[in-house]
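Following: one structure in structure tokens, then a few remarks.
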Amino acid sequence: MATALTELQFGGLLKCLVEKGVLEENDAKAYTDEAEKKQSPIVSYLVSNNIADSKKIASLASLEFAVPFFDLDSIELKNLPVDLVSEKLIRQHHVLPLFKRGNRLFIALSDPTNFQALDEIKFHTRLNTEAILVEENKLTQSIEIALEAADSSMDDLLDEDLANVDISGADEALATADSSSDIDDAPIVRLVNKILLDSIKKGVSDIHLEPYEKRFRIRFRGDGILYQVASPPTNIANRLISRIKVMSKMDIAERRVPQDGRIKMKLSKNKAIDFRVSTCPTLFGEKVVLRILDPSSAEIGIEKLGLEPKQQKLFLAAIHRPYGMVLVTGPTGSGKTVSLYTGLNILNKVERNISTAEDPVEITVEGINQVNMNVKAGLTFAKALKAFLRQDPDIIMVGEIRDLETASIAVKAAQTGHLVLSTLHTNDAPQTINRLMQMGIEPFNIVSAVNLIMAQRLARRLCKYCKKEADYPEKTFLDAGFKKDQLALLKTYIAVGCDHCNDGYKGRIGIYQVMPISEKMRVLILSGGNAMEMSELSKSEGINDLRASGLDKVRQGVTSLEEINRITEQ
């Protein structure tokens with residue numbers, strides 16, 4: 001919906017409606033205030049609440065403001081030039097592009113005083129905008145129909161570059177399909193290529209293709225949040241999914257069990273993006289998820305991860321030790337792999353032998369010996385680790401410690417002169433110690449092997465263009481975890497939303513708990529201390545937990561309190 005306009009802007013329309021007897025003068029101000037509260041355009045508020053007739057408002061406003069009136073029933077909505085204006089602007093200002101004549105773009109709106117919409121569209125399209133007045137109720141319906149038609153249309157997929165993108169399977173998997181016309185017909189090829197290219201352009205991390213009984217939707221995950229980007233016709237779902245399975249070298253005849261594959265997209269001679277592909281049979285067909293693996297994500301530099309100066313110093317000290325274990329913990333998608341590879345890139349020197357065991361290898365780096373797990377062939381983390389130890393390693397990275405055998409070998413390697421980096425799935429750093437104990441690792445082995453544990457989350461960054469200073473009561477800050485003596489200088493921000501961002505956020509930054517295993521912590525672990533006691537001890541030693549690190553980012557204006565509440569425990 002459009003942002004509420006100022007009273008000055010829509011005063012003329014209300015005055016017209018009052019003078020023509022459509023509204024009572026005493027009611028006009030109340031309607032204005034209520035529309036502003038609901039962040040609704042005044043015309044939308046009047047029509048949706050049956051206060052005034054849509055057609056009557058349009059005809060009166062057309063005469064009063066000398067804006068031409070147009071009946072939306074007389075036009076084919078699927079042919080409108082909606083691609084000239086972003087969906088975000090269309091919905092934000094409650095408008096619809098109708099025609100383009102030369103450098104003029106005619107915009108349908110129900111409020112002739114919505115000058116802000118015309119100015120913003122003119123700025124973004126570089127076209128002169130002209131208003132066309134339409135009925136509010138028809139405009140609302142037409143916007144949805146036109147946008148849905150644009151989503152499902154494949155008319156914009158006919159560019160030659162989409163058909164000729166260099167894409168190939170990157171895994172040695174079996175594909176039993178031949179090049180049938182069902183799968184390789186040009187529109188499907190171009191649609192898949194467009195989806196992949198759009199995901200790269202928008203910088204998303206995952207693509208979800210989901211078939212349901214009556215619809216088929218495509219969603220992107222950007223900055224950790226899923227949002228729908230298209231809803232193609234359901235009758236092309238199977239062909240589209242089969243095309244992706246062929247590209248990732250899967251068996252397209254097998255639809256009853258999950259499969260994994262890989263796609264490599266070459267964007268240029270020196271730039272390639274990998275997609276890790278996973279299928280899962282659902283009630284109405286196979287769901288496909290593609291994880292975008294960009295090797296450049298591991299080259300961002302440690303200073304951009306989001307570590308505070310003290311945390312960065314602790315992390316660098318731990319990875320530069322000649323032996324011991326550094327563990328990174330957090331849920332799936334929290335950036336653990338990027339953190340580990342940032343450390344490996346720092347350590348990647350010609351005098352060091354670095355080997356990694358991953359399932360699967362997500363980021364390829366020259367100079368590092370990377371091994372992809374293959375459980376079917378018998379290659380597990382434990383077997384890979386045993387092989388590494390016979391190949392004179394200096395540094396070993398294990399994608400994930402999942403079982404006692406892998407944990408035991410990793411601990412022994414850390415105790416015998418090797419630096420071991422790995423990940424676990426736990427909520428915070430202290431709970432990682434308990435997790436290792438639950439696996440069967442003895443406390444004395446933990447204290448002699450583990451040097452540092454780093455828990456992390458990813459928080460969305462506030463958009464620098466539209467973030468707005470927050471005005472919370474003091475109690476909100478105190479309840480959130482801020483101290484009273486911090487409030488005097490505290491300046492926080494909230495998300496607003498603009499054309500540069502997604503709902504007020506753009507990009508993500510890490511929130512960390514970097515806990516070195518101190519002498520006091522070793523004593524506590526050996527005495528059988530639990531995660532809560534370890535957490536209290538780390539706090540007493542000046543180690544920020546995830547919540548405290550998140551509040552630091554709020555205080556710095558990097559993210560919002562709402563975002564930190566979403567990703568951390570209060």
Side-chain angles (χ1 to χ4, degrees), residues 87-88 150-154 156-157 159 161-163 165-171 173 183 187-212 215-234 236-250 252 255 258-267 271-282 284-297 331-335 337-338 360-363 458 460 502-503 505-508:
E87 180 178 346
K88 189 170 185 177
D151 273 348
S152 59
S153 172
M154 290 191 287
D156 59 337
L157 303 179
D159 299 317
D161 60 329
L162 290 179
V165 173
D166 188 0
I167 302 178
S168 60
D171 275 349
I183 298 162
I188 294 297
V189 171
R190 291 173 182 140
L191 176 55
V192 172
N193 290 356
K194 178 175 170 58
I195 292 167
L196 300 185
L197 287 170
D198 281 353
S199 70
I200 294 170
K201 290 175 185 175
K202 293 180 179 180
V204 304
S205 60
D206 301 88
I207 306 168
H208 291 242
L209 296 95
E210 303 165 315
Y212 296 97
R215 67 186 182 119
F216 176 53
R217 72 177 179 184
I218 299 172
R219 294 191 291 171
F220 287 171
R221 185 182 293 278
D223 295 336
I225 304 296
L226 277 169
Y227 60 94
Q228 184 169 321
V229 293
S231 182
T234 54
I236 71 165
N238 286 336
R239 286 188 293 157
L240 195 150
I241 289 169
S242 293
R243 169 66 185 167
I244 292 174
K245 289 173 72 174
V246 167
M247 292 163 63
S248 50
K249 300 290 183 68
M250 295 182 189
I252 69 164
R255 298 181 178 180
Q259 295 186 68
D260 293 300
R262 205 172 176 107
I263 297 171
K264 181 183 288 290
M265 174 180 278
K266 291 183 180 178
L267 302 177
K271 176 73 171 176
I273 302 289
D274 283 354
F275 296 82
R276 191 178 76 200
V277 187
S278 172
T279 69
C280 184
T282 68
F284 299 106
E286 289 177 288
K287 173 175 177 174
V288 178
V289 176
L290 298 93
R291 166 67 58 89
I292 301 165
L293 310 174
D294 186 356
S296 63
S297 64
T332 301
S334 60
T337 302
V338 170
V361 173
E362 294 190 1
I363 299 168
L458 288 176
R460 292 179 292 170
N502 294 314
D503 299 324
Y505 298 96
K506 184 69 175 178
R508 289 191 288 178

For the backbone of Leu458 and the side chain of Ser334, can you confirm whether one donor and one acceptor N or O come within less than 3.5 Å of each other? no
Could you tell me whether the side chain of Ser199 and the main chain of Val204 form a donor-acceptor pair under 3.5 Å? no
Flag the pair Phe216 / Leu209 as yes when at least one side-chain heavy-atom distance between them is below 4.5 Å, and no otherwise. yes
Asp274 side, atom CG; Leu293 side, atom CG - distance, nearest 0.5 Å: 6.0 Å
Checking side-chain contact (heavy atoms from CB on, under 4.5 Å) for the pair Asp198/Val229: CA distance, chi angles, key distance, verdict? CA-CA 10 Å; Asp198 281 353; Val229 293; over 6 Å; no
Kindly indicate whether the side chain of Ile244, heavy atoms from C-beta on, has any atom under 4.5 Å from the side chain of Glu286. no
Compare every heavy atom of Pro258 with every heavy atom of Pro281, then report the nearest pair and how far apart it is. CD-N, 3.8 Å
Please round to the nearest 0.5 Å and tell me the distance separating atom CZ of Arg276 and atom CG of Leu290. 10.5 Å
Decide yes or no on side-chain contact (heavy atoms from CB on, under 4.5 Å) for Val277 and Met247, but give the supporting numbers first. CA-CA 10 Å; Val277 187; Met247 292 163 63; over 6 Å; no
Can you measure from OG (Ser278) to CD (Gln259) and round to the nearest 0.5 angstrom? 9.5 Å
Would you give the length of the straight line joining atom OG1 of Thr279 to atom NZ of Lys245, rounded to the nearest 0.5 angstrom? 5.5 Å
Looking at residues at least two apart in the chain, or sitting in another chain, which of them share a salt bridge (Lys or Arg N to Asp or Glu O under 4.0 Å) with Lys287? Glu210
Determine whether Arg243 and Leu191 make a side-chain contact, defined as any pair of heavy atoms from C-beta on separated by less than 4.5 Å. no
Taking all non-hydrogen atoms of both residues into account, name the closest pair between Ile252 and Arg255 and its distance. O-NE, 3.8 Å
Output all residues satisfying side chain to side chain contact (heavy atoms under 4.5 Å, CB included) with Asp223, sequence neighbours left out; order by chain, then residue number. Arg460, Asn502, Arg508
Return the minimal non-hydrogen interatomic distance between Pro211 and Ile241, and the atom names on each side. CG-CD1, 4.5 Å
Check: Phe220 and Leu226 side chains under 4.5 Å, non-hydrogen atoms: no
Mind checking salt bridge (Lys or Arg N to Asp or Glu O under 4.0 Å) for Asp503 and listing every partner two or more places apart, or none if nothing turns up? none
Distance in Å, Ile218 CD1 paired with Tyr227 OH, rounded so as to fall on 0.5 Å steps: 12.5 Å
Are the side chains of Thr234 and Phe284 in touch, meaning some heavy atoms are under 4.5 Å apart? no
Just verifying a value: how many Å separate Lys202 NZ and Ile207 CD1, rounded to the nearest 0.5 Å? 10.5 Å
